[in-house]
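What follows is one structure encoded as structure tokens, with my remarks underneath.
In the text below, chain A, chain B and the rest are named by the order of the sequence lines, each starting its count at 1. Remember, it's a predicted structure, so these values are computed and weren't measured experimentally.
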Amino acid sequence: MLDIKKIRNNTDDVLKALSKKDNDISLNDILDLDSKLKSLTTKLNELQAEQNSKSKEVGQLKSKGESSDDIFKDLKVLSEKIKAFEKEQKELSSALKKALLEIPNIPHSSCPEGVNEKDNIVVSENKNTRDFNFPLKDHIELGEKLDILDFEVAAKMSGSGFPLYKGNGALLERALINFMTDYHLKNFDYTEFFTPFLVKPESALTTGQLPKFSEDMYHIEKDDLYLIPTAEVSLTNIHKDDILSSNELPKYYLGYSACFRREAGSYGKDTRGLLRVHQFNKVELVKFVEPTKSYEELDSLVNQASNILDLLELDYRVIELCSGDLSFAAAKCFDLEVWSPGEEKWLEVSSCSNFEDFQSRRGNIRFKNSNGEIDFVHTLNGSGLATPRIFAALLETHQNEDGSVRIPQCLQPFMGISEIK
RNA sequence: GGAGGCAUGGCAGAGCGGUUGAAUGCACUGGUCUUGAAAACCAGCAAGGGUGCAAGCCCUUCAGAGGUUCGAAUCCUCUUGCCUCCGCCA
């Protein structure tokens with residue numbers, strides 16, 4: 001959520017910055033509601049002040065045992081007026097809030113300008129570290145041959161887009177989760193959480209999935225709960241409505257979760273295998289930091305996530321997203337993409353974003369700095385990482401001619417085997 | 001799922017329907033004292049909005065939403081959360 005004061009006082013700058021993300025945004029309704037609300041509030045406050053002082057008078061007179069009938073007449077009229085004003089104020093402020101929640105975050109000035117993913121910038125790339133001298137199989141073929149993935153049986157029970165891992169496949173999946181979790185815990189200062197997978201609407205509002213993207217999430221109607229599309233939602237909401245003290249910042253949180261996405265509107269895209277699924281596993285990293293530190297924290301977040309790919313001996317590249325390709329809530333974002341030799345495509349496995357104060361305003365997550373002033377924290381998050389595409393890339397990258405797959409060193413302690421065959 | 005109890009500031013804990021944004025204690029911050037620290041004493045200490053250069057002034061907020069009343073932390077209704085008991089259950 002953007003600061004209404006910023007919109008009010010720097011309308012042109014805000015609009016210009018927003019247009020880099022989305023050319024179609026108008027702030028007119030918001031400005032209109034804001035000025036109406038402001039003048040109404042001023043009038044209301046005056047009436048309330050009058051009511052307060054007269055009510056106090058009544059109390060004083062009463063304690064002296066004197067009559068207060070004249071004041072009563074005034075108060076009765078005032079009371080009616082105030083009630084009408086309050087009602088109007090409530091309507092205006094909820095309309096304003098609703099409108100504000102629909103406005104995306106402003107891209108950071110360092111974001112390359114652009115319209116879509118074609119304008120993204122490749123920051124770094126390492127590829128073709130391995131020469132294959134045999135015909136490659138893709139992960140679906142490998143998964144079937146090794147009897148570690150079964151999409152048909154999964155579809156039988158849940159429909160398409162739900163993976164079923166079997167035997168060493170289940171072991172590999174679990175090893176990936178444990179390896180990534182342990183790596184971040186051991187090497188960086190993260191606190192581990194295991195969060196709920198179902199959250200209230202207001203939690204999804206904090207992180208920005210609601211109100212605009214309700215179609216992307218699974219919703220349990222009976223209880224009005226949403227299945228989390230990422231642990232970002234639950235991890236970020238740990239501090240909803242909190243005022244943290246500056247000496248407890250930065251806070252680094254980590255959590256594994258299953259992630260659920262309807263992927264509405266993406267039918268026909270990446271439908272095969274593990275590339276786009278409705279349920280997947282992810283280790284998520286979330287940071288709560290002081291505003292002045294958030295960009296260096298973004299850099300370290302990208303590094304932390306990429307280290308995993310190095311250790312898994314996978315080819316990957318780092319992409320800096322252009323303004324037009326940024327998500328709704330992000331001010332700046334780097335994606336990590338892993339190379340899939342079977343698909344001959346780059347696959348997004350992590351998205352590391354700085355949301356600045358966009359989420360913290362929505363969730364009212366603040367901190368008190370050393371001067372005693374209260375301000376919104378900056379939040380960041382990054383996948384560290386999402387498993388299915390890694391699973392696929394790993395099978396394809398480390399496959400041998402006979403269809404067996406080498407397990408990289410870092411995973412072996414978690415699996416107890418050095419290859420799947 | 002059934003029955004009951006509770007919900008106040010960072011925490012603990014007062015609070016008759018009327019000068020209560022809220023006593024008190026702890027914590028915290030500043031000061032005095034001390035070589036330093038502790039103790040003691042003094043002072044400050046909620047958030048949001050408006051207005052003002054500022055000091056300040058005004059408004060709102062006692063889980064949330066409604067209601068009664070000229071006036072609600074205080075009375076009523078609903079919702080949510082926590083606790084206790086019963087049922088069910090991995």
Could you tell me which residues satisfy side-chain hydrogen bond (donor to acceptor under 3.5 Å, both in side chains) with D335(A), sequence neighbours excluded, listed by chain and number? S351(A)
Residue pairs, two or more places apart or on separate chains, that pass salt bridge (charged side-chain N to carboxylate O under 4.0 Å, His left out) and touch residues 348-373 of chain A: D3(A)-R361(A), D357(A)-R361(A)
Run the side-chain contact (heavy atoms from CB on, under 4.5 Å) test against K38(A) and tell me which residues pass, sequence neighbours left out. R8(A)
Take atom NZ in K212(A); do more than 12 heavy atoms of anything else shown fall under 6.0 Å from it? yes
When the C1' atoms of C62(B) and A46(B) are compared, how many Å lie between them, rounded to an integer? 11 Å
How far does the C1' atom of A65(B) sit from the matching atom of A7(B), given to the nearest Å? 15 Å
Classify R361(A) by what it touches in the nucleic acid, base, sugar-phosphate, or nothing, heavy-atom distance under 4.0 Å. nothing
Quote, to the nearest angstrom, the P distance that separates A14(B) from A3(B). 29 Å
Of all of residues 33-50 of chain A, which get a heavy atom below 4.0 angstrom from RNA chain B, listed by number? K38(A), N45(A), Q48(A), A49(A)
Set of residues satisfying side-chain hydrogen bond (donor to acceptor under 3.5 Å, both in side chains) with respect to E221(A), sequence neighbours excluded: none
How does RNA chain B read in dot-bracket, base by base from 5' to 3', with Watson-Crick or G-U pairs under 3.5 Å and | used when the partner is on another strand? (((((((..(((.....[.....))).(((((.......))))).((((((....)))))).(((((..]....))))))))))))....
Using the P atoms only, state how far A23(B) lies from G10(B), rounded to an integer number of Å. 14 Å
P-based separation of A73(B) from A55(B) [nearest Å]: 29 Å
On RNA chain B, check which nucleotide each of R8(A) and Q51(A) is closest to and give me the residue with the more 5' one. R8(A)
In whole Å, what separates the P atom of G71(B) from that of U84(B)? 41 Å
By the 4.0 Å heavy-atom rule, please label K5(A) as base, sugar-phosphate, or nothing. sugar-phosphate
Roughly how far apart, to the nearest Å, are G2(B) and G87(B) at atom C1'? 8 Å
Whole-angstrom distance between C28(B) and C11(B), as gauged at atom P: 15 Å
Please determine if D325(A) and K21(A) form a salt bridge, counting it only when a charged side-chain N lies under 4.0 Å from a carboxylate O. no
Please work out which of the three classes, parallel, tilted or perpendicular, describes the rings of W339(A) and W346(A), given edges at 30° and 60°. perpendicular
By salt bridge (charged side-chain N to carboxylate O under 4.0 Å, His left out) - contacts of D147(A) (at least two apart): K166(A)
Taking side-chain hydrogen bond (donor to acceptor under 3.5 Å, both in side chains) as the test, write out the residues that go with H184(A), two or more places apart. none
Categorize N52(A) for me: base, sugar-phosphate, or nothing, with a 4.0 angstrom heavy-atom threshold over every strand shown. sugar-phosphate
By side-chain hydrogen bond (donor to acceptor under 3.5 Å, both in side chains) - contacts of E343(A) (at least two apart): none
Pairing residues for K200(A) by the salt bridge (charged side-chain N to carboxylate O under 4.0 Å, His left out) criterion, not counting sequence neighbours: none
For RNA chain B, note the earliest and the latest nucleotide, 5' to 3', having some atom under 4.0 Å of a heavy atom belonging to chain A. G18(B) to G71(B)
Nearest-nucleotide 5' precedence on RNA chain B, K83(A) against K200(A): K83(A)
Set of salt bridge (charged side-chain N to carboxylate O under 4.0 Å, His left out) partners for K251(A), sequence neighbours left out: E248(A)
